[in-house]
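Written out below as C-alpha cells is the structure these notes cover.
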Amino acid sequence: MAARSAVLNVMAKAAEKAGRALVRDFGEVEQLQVSRKGPADFVSAADRKAERMVREELQKARPAFGFLMEEGGTIEGSDKSHRWIVDPLDGTTNFLHGLPHFAISIALERDGEIIAGLVYEPVRDELFWAEKGAGAFLNHQRLRVSARRTMADALIATGIPFKGHGDMGTFMAQLQALAGQVSGIRRWGAASLDLAYVAAGRFDGFWEKDLKPWDIAAGTLLVTEAGGFVSEISGHKGHLSGASILAANPLLHGPLQTILHNAVKPKATPQAQG
Ligand code: IPD
Ligand code: CA
Ligand code: CA
C-alpha cells in the first residue's frame, strides 16, 4: 500500500474538504439548469468557495508557503522557495452544465520544480497523486502509463479552442493530421483530469495549447511519475508556462510530437527553377 508523505496528506485533506463542498453544490447546479439565467453566478461562487477552503487548509498546515491560484492570483509567502499552485475547479463548463467531470488540482513547487501533485475527482472519489521520485498513485494503486505502441490503437485527449480562447487554425491543422491515424480523440473538458488519465493509462496521450500553470502543474508530475513523457508540442521542455503541452506514454510521445509539430510547421517554399 502506498504511503503518502505529510505534505501529501495536507493536500489530500484540503482537496477532499473542498471536493465535498463542490459535490454538494453540483447537486444544486443540476436543479438550476432550467432557470432562464442558468447557474452561472452560483457556479462562480462555488468555485471561489472551493478555492478559499483549499487555501485555508494549506495555509493552516504550511503558513509560510506562497500561492498561485486561478481565482485569487498570487500570494507571496515568507518562504520564497515553496509555492502552492491551485485550480479549485477544473472543468468549470462541465460543472455548469451538470456534467460530472471536474476536479481540484493542487501542486507544490519548490525552487521552480514541482515536487508533489494531486488531482481529485470528487464525484467518483478518485484521488490521483504523485511525489517527485516516489511514483504516481490512484488512491492506493500504483499508476503506470499505457503500454500501447501503435498509433492505430491509441486514444488521445485534447482541448478544443472556444469562445475568445485558443488558436483554432493550429488546432484544426493538428486534428486533421492526427484524427485519421488514431483510434479516437476525446475532448472531456478538464485538462488536469486529461493528464491524470494519461498517467492512469486510460488515455495514451494528450495535447493542448494555451493552458495555465494551475491546469497542468499537478498533472504533469502524475504523468512523469507514472513513466510518461511531457514536453511542449515543439519538443522543448518549457511546458509549465502553458504555451503548449504534449503528454504521452514513452512509446507514442515521439510519433505524436512529430505529427502535431509538422502539422503547423511552415512549409518550405520551393526553389524557383532557373
Ligand atoms: C479549463 C479546462 C479545459 C481547458 C481550458 C481550461 P477551467 O479550465 O481545463 O479542459 O480546455 O483551456 O481553461 O476553466 O475549467 O478551470
Ligand atoms: Ca482549469
Ligand atoms: Ca478553474
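Order of listing sets the numbers, starting from 1, for every ligand and every atom in it.
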For Ser244 and Ile233, indicate whether the former's side chain and the latter's backbone hold a donor-acceptor pair under 3.5 Å. yes
Ala191: numbered ligand 1 atoms lying under 4.0 Å from its heavy atoms: 2 (C), 9 (O), 10 (O)
Tell me if a side-chain donor or acceptor on Thr158 pairs with a main-chain N or O of Trp207 at a distance below 3.5 Å. yes
If we number the atoms of ligand 1 from 1 as shown, the ones under 4.0 Å from a heavy atom of Asp87 are 16 (O)
May I ask you to decide if Leu260's main-chain N or O and Lys265's side chain share a donor-acceptor pair within less than 3.5 Å? no
Asp194 touching ligand 1 at heavy-atom level, < 4.0 angstrom: no
Main chain of Ala154, side chain of Ser183: is a donor-acceptor contact present, judged purely on distance under 3.5 Å? yes
Between Lys209 and ligand 1, which residue portion shows a heavy-atom distance shorter than 4.0 Å: side chain, backbone, both, or neither? neither
What atoms of ligand 1 come within less than 4.0 Å of a heavy atom belonging to Gly189? 2 (C), 3 (C), 10 (O)
Those atoms of ligand 1 less than 4.0 Å from some heavy atom in His165: 12 (O)
Greater than 12 external heavy atoms within 6.0 Å of Gln141's CD: no
Can a donor-acceptor pair be found, under 3.5 Å and without considering hydrogens, that links the side chain of Asn94 to the backbone of Trp188? yes
If you count the non-hydrogen atoms of other residues, nucleotides and ligands that lie under 6.0 Å from CZ in Arg187, is the total more than 12? yes
Which single N/O/S atom of Glu70 lies at minimum distance from the Ca ion (ligand 3)? OE1
Let me check your reading of the structure: within less than 3.0 Å of the Ca ion (ligand 3), is there an N/O/S atom from Glu71? no
Please give me the minimum heavy-atom distance between Pro161 and Met168, naming the atom from each residue. O-CE, 3.8 Å
Are any non-hydrogen side-chain atoms of Ser146 and Phe203 less than 4.5 angstrom apart? no
Find all atoms of ligand 1 within a distance of less than 4.0 Å from any non-hydrogen atom belonging to Leu89, and give their numbers and elements. 16 (O)
Please state whether Lys212 comes within less than 4.0 angstrom of ligand 1, counting heavy atoms only. no
Test: Glu51 and Arg48 ion pair at under 4.0 Å: no
So that I can check it, does any N, O or S atom in Asp47 come closer than 3.0 Å to the Ca ion (ligand 3)? no
In Asp87, the N, O or S atom nearest to the Ca ion (ligand 2) is which? OD2
Tell me: protein heavy atom nearest atom 1 (C) of ligand 1, and distance? Asp90 OD1, 3.7 Å
Test your reading of the structure: does Thr93 have an N or O sitting under 3.5 Å from an N or O of ligand 1? no
Charged N-O contact under 4.0 Å between Lys49 and Asp25: yes
Indicate yes or no: does an N/O atom of Leu211 lie under 3.5 Å from an N/O atom of ligand 1? no
Closest approach to the Ca ion (ligand 2) by Asp90, given as the N, O or S atom name: OD1
Could you confirm whether Trp214 has any N/O/S atom lying under 3.0 Å from the Ca ion (ligand 3)? no
To the Ca ion (ligand 2), the closest N, O or S atom belonging to Asp215 is OD1
Does Asp153 reach the main-chain N or O of Arg148 with its side chain, forming a donor-acceptor pair under 3.5 Å? no
Need the ligand 1 atom indices (1-based, order shown) with element for anything under 4.0 Å from a heavy-atom of Ala190. 9 (O), 10 (O)
List every atom of ligand 1 that sits less than 4.0 Å from any heavy atom of Asp215, numbering the atoms from 1 in the order shown and giving each element. 8 (O), 9 (O)
For Thr92, the ligand 1 atoms with a heavy-atom partner under 4.0 Å come out as 7 (P), 14 (O), 15 (O), 16 (O)
Closest to atom 4 (C) of ligand 1 among protein heavy atoms sits Glu208 OE2, 3.2 Å
Heavy-atom donor-acceptor pair, Glu131 side chain to Gly133 backbone, under 3.5 Å: no
